[in-house]
There are 2 protein chains.
Amino acid sequence: MDQAAELFAERGYHPTSVADIVESLGVGKGVFYWYFSSKEELLAEILKSSHQDLRRRQQQAIADEPNPVERIRLGIRASMQWFCEHRKHFTIFQFAASDERFAPVLRRNQEVAIADAVRHIKDAIVEGNIADQDPEVLAQAVVGVVEQLTQTYIFERSEPVDRAADAAVAFCLHGLCGE
Amino acid sequence: MDQAAELFAERGYHPTSVADIVESLGVGKGVFYWYFSSKEELLAEILKSSHQDLRRRQQQAIADEPNPVERIRLGIRASMQWFCEHRKHFTIFQFAASDERFAPVLRRNQEVAIADAVRHIKDAIVEGNIADQDPEVLAQAVVGVVEQLTQTYIFERSEPVDRAADAAVAFCLHGLCGE
DNA sequence: CGAGCGCTTGACCGGTCGGTCAAGAACGCG
DNA sequence: CGCGTTCTTGACCGACCGGTCAAGCGCTCG
């Protein structure tokens, strides 16, 4: 499944044939259809498992951190680190978002991620560290910043994750105006 | 070309055949290859012209506005308005970003958009309305926020553009912490 | 009128794709 | 060893795709 993700990311979903996948694995075509009912199901499975993996990483990173703002900072950092290590999944996510068959799966995954973020934002609002605005809007905006900076600075320019993560955190906390 | 964009957005690039496109136009296949050398060139052309259209809209919106922060606000608003009216192009952009053949074109387009934003951010820094940080990072972050909020609130939840735009502007200016 | 050219048609081609299936290998078990 | 189950193979199928091209339409201009 990991090998298939690699191929999907390199060449795109449609241009990668089932024949390509099984060949790169050195197995016959039958074995593919023994474990997956279709090529479509394979991609859905990749989407699901990578989302779980990212979420696990976020939870590990913020475990036991009492300060909610610090949890957000660590979550952003962990997410960017994960994308850096799993660049291929980023491309796959982008494709999936553009395909009507996979967009719903992706949307549900993102709803979970947003819900996670919302919890910490609410905590921070209660503690008075974050202004009292709609937490979901804030969470969506944070996700947007993280994805954009990840793509530009980590993938396209290969800058260190730390630098990009610090920039993302700084913007998310204080926006254009600074503190 | 507009009709083709519609189909690409609805069904995706690969699943939309040249036969589908010419059929929906009620013309023969030959006429397609008279005007475009390939299906790939058609998409590249769509990418190019829609980028120009969006940029024109931004420039119209901010024309004659002396205050750089206000220009940024108007630019964000105009962009979200444009995406709202050209939803199909948003989906196409997403697909293009996931395909190695089109990603370079898209990247150049985005570089232009970022450069536009950077100019106004620099002006605002000079005037002291925006903190003195790397303007390009700020511009990238703004783009991320705009794209994410557009997708979630305008496309998925059909909220009014004004509300989404106000939320984007508020976040971009002051981040999580508020003013 | 008719020669030439820009434009249009749609049958056709070579090739590829997702998915099937009959055949059999590998293995556990009595 | 014989038998059933699980897993594996790769040739094969029908469908479809991007792209070509010989043929023809209709407009302009001499």
Side-chain angles (χ1 to χ4, degrees), chain A residues 1-51 88-89 91-106 109, chain B residues 1-51 88-89 91-106 109:
Chain A
M1 216 169 83
D2 214 53
Q3 181 68 20
E6 200 100 36
L7 290 179
F8 282 158
E10 268 175 35
R11 315 170 37 168
Y13 175 74
H14 288 294
T16 302
S17 69
V18 176
D20 290 335
I21 297 169
V22 297
E23 196 185 336
S24 84
L25 255 32
V27 299
K29 219 175 187 181
V31 71
F32 178 93
Y33 284 97
W34 181 263
Y35 291 102
F36 300 98
S37 67
S38 70
K39 189 184 165 186
E40 194 172 327
E41 193 194 89
L42 166 62
L43 183 58
E45 216 61 48
I46 291 174
L47 252 31
K48 190 175 126 191
S49 86
S50 57
H51 170 247
K88 55 193 172 189
H89 291 292
T91 312
I92 293 173
F93 287 173
Q94 267 178 332
F95 164 77
S98 75
D99 188 305
E100 283 203 2
R101 288 171 302 177
F102 304 116
V105 181
L106 214 63
N109 287 352
Chain B
M1 215 169 85
D2 215 51
Q3 181 66 22
E6 200 101 36
L7 290 179
F8 282 157
E10 267 176 34
R11 317 170 36 169
Y13 175 74
H14 288 293
T16 303
S17 69
V18 176
D20 291 334
I21 297 169
V22 298
E23 195 185 337
S24 84
L25 255 33
V27 299
K29 221 173 187 180
V31 71
F32 178 91
Y33 285 97
W34 180 263
Y35 291 102
F36 301 98
S37 67
S38 69
K39 188 183 164 187
E40 194 172 328
E41 193 195 88
L42 166 63
L43 183 58
E45 216 62 46
I46 291 174
L47 252 30
K48 191 175 125 192
S49 85
S50 57
H51 170 247
K88 56 193 171 188
H89 292 293
T91 312
I92 293 173
F93 287 173
Q94 269 179 331
F95 165 76
S98 75
D99 188 306
E100 284 203 0
R101 286 170 304 177
F102 304 116
V105 180
L106 214 65
N109 286 352

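Heavy atoms only: backbone and side chains are in, while hydrogens, waters and symmetry mates are out. Quick note on labels: first sequence line is chain A, next is B, and so on, each numbered from 1.
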B/E100: what forms a side-chain contact (heavy atoms from CB on, under 4.5 Å) with it, not counting sequence neighbours?
none
What pairs meet the salt bridge (charged side-chain N to carboxylate O under 4.0 Å, His left out) rule with one or both residues in residues 27-43 of chain A, with sequence neighbours excluded?
A/E40-A/R101
All side-chain contact (heavy atoms from CB on, under 4.5 Å) counterparts of B/T16, not counting sequence neighbours
B/L7, B/F8, B/R11, B/D20, B/I21
Using 0.5 Å steps for rounding, measure from the CD atom of B/E10 to the CD1 atom of B/I92.
10.5 Å
I need the minimum non-hydrogen distance between B/A96 and B/L47, along with the two atoms involved.
CB-CD2, 3.8 Å
Protein-nucleotide distance (A/E23, atom CD; C/dT16, atom C1'), rounded to Å:
14 Å
Minimum heavy-atom separation for A/H89 to A/S50, with atom names?
ND1-CB, 3.5 Å
So CZ of A/F32 and CG of A/L42: to nearest 0.5 Å the spacing works out to 4.5 Å
Within residues 32-43 of chain B, find the residues that approach DNA chain D with a heavy atom at under 4.0 Å, and present them sorted by residue number.
B/Y33, B/S38, B/K39
Excluding sequence neighbours, so at least two apart, what forms side-chain contact (heavy atoms from CB on, under 4.5 Å) with B/S49?
B/M1
According to side-chain contact (heavy atoms from CB on, under 4.5 Å), who are the partners of A/A44, at least two apart in sequence or on a separate chain?
none
Of residues 11-21 of chain B, the positions that come close to DNA chain D - non-hydrogen atoms, cut-off under 4.0 Å
B/T16, B/S17, B/V18
Anything under 3.5 Å between a protein N or O and an N or O of nucleotides 11-15 of chain C, put it in a table, one pair a line.
none

A/F95: partners by ring-ring contact (aromatic ring centres under 6.0 Å, His included), with sequence neighbours left out:
A/Y13, A/H14
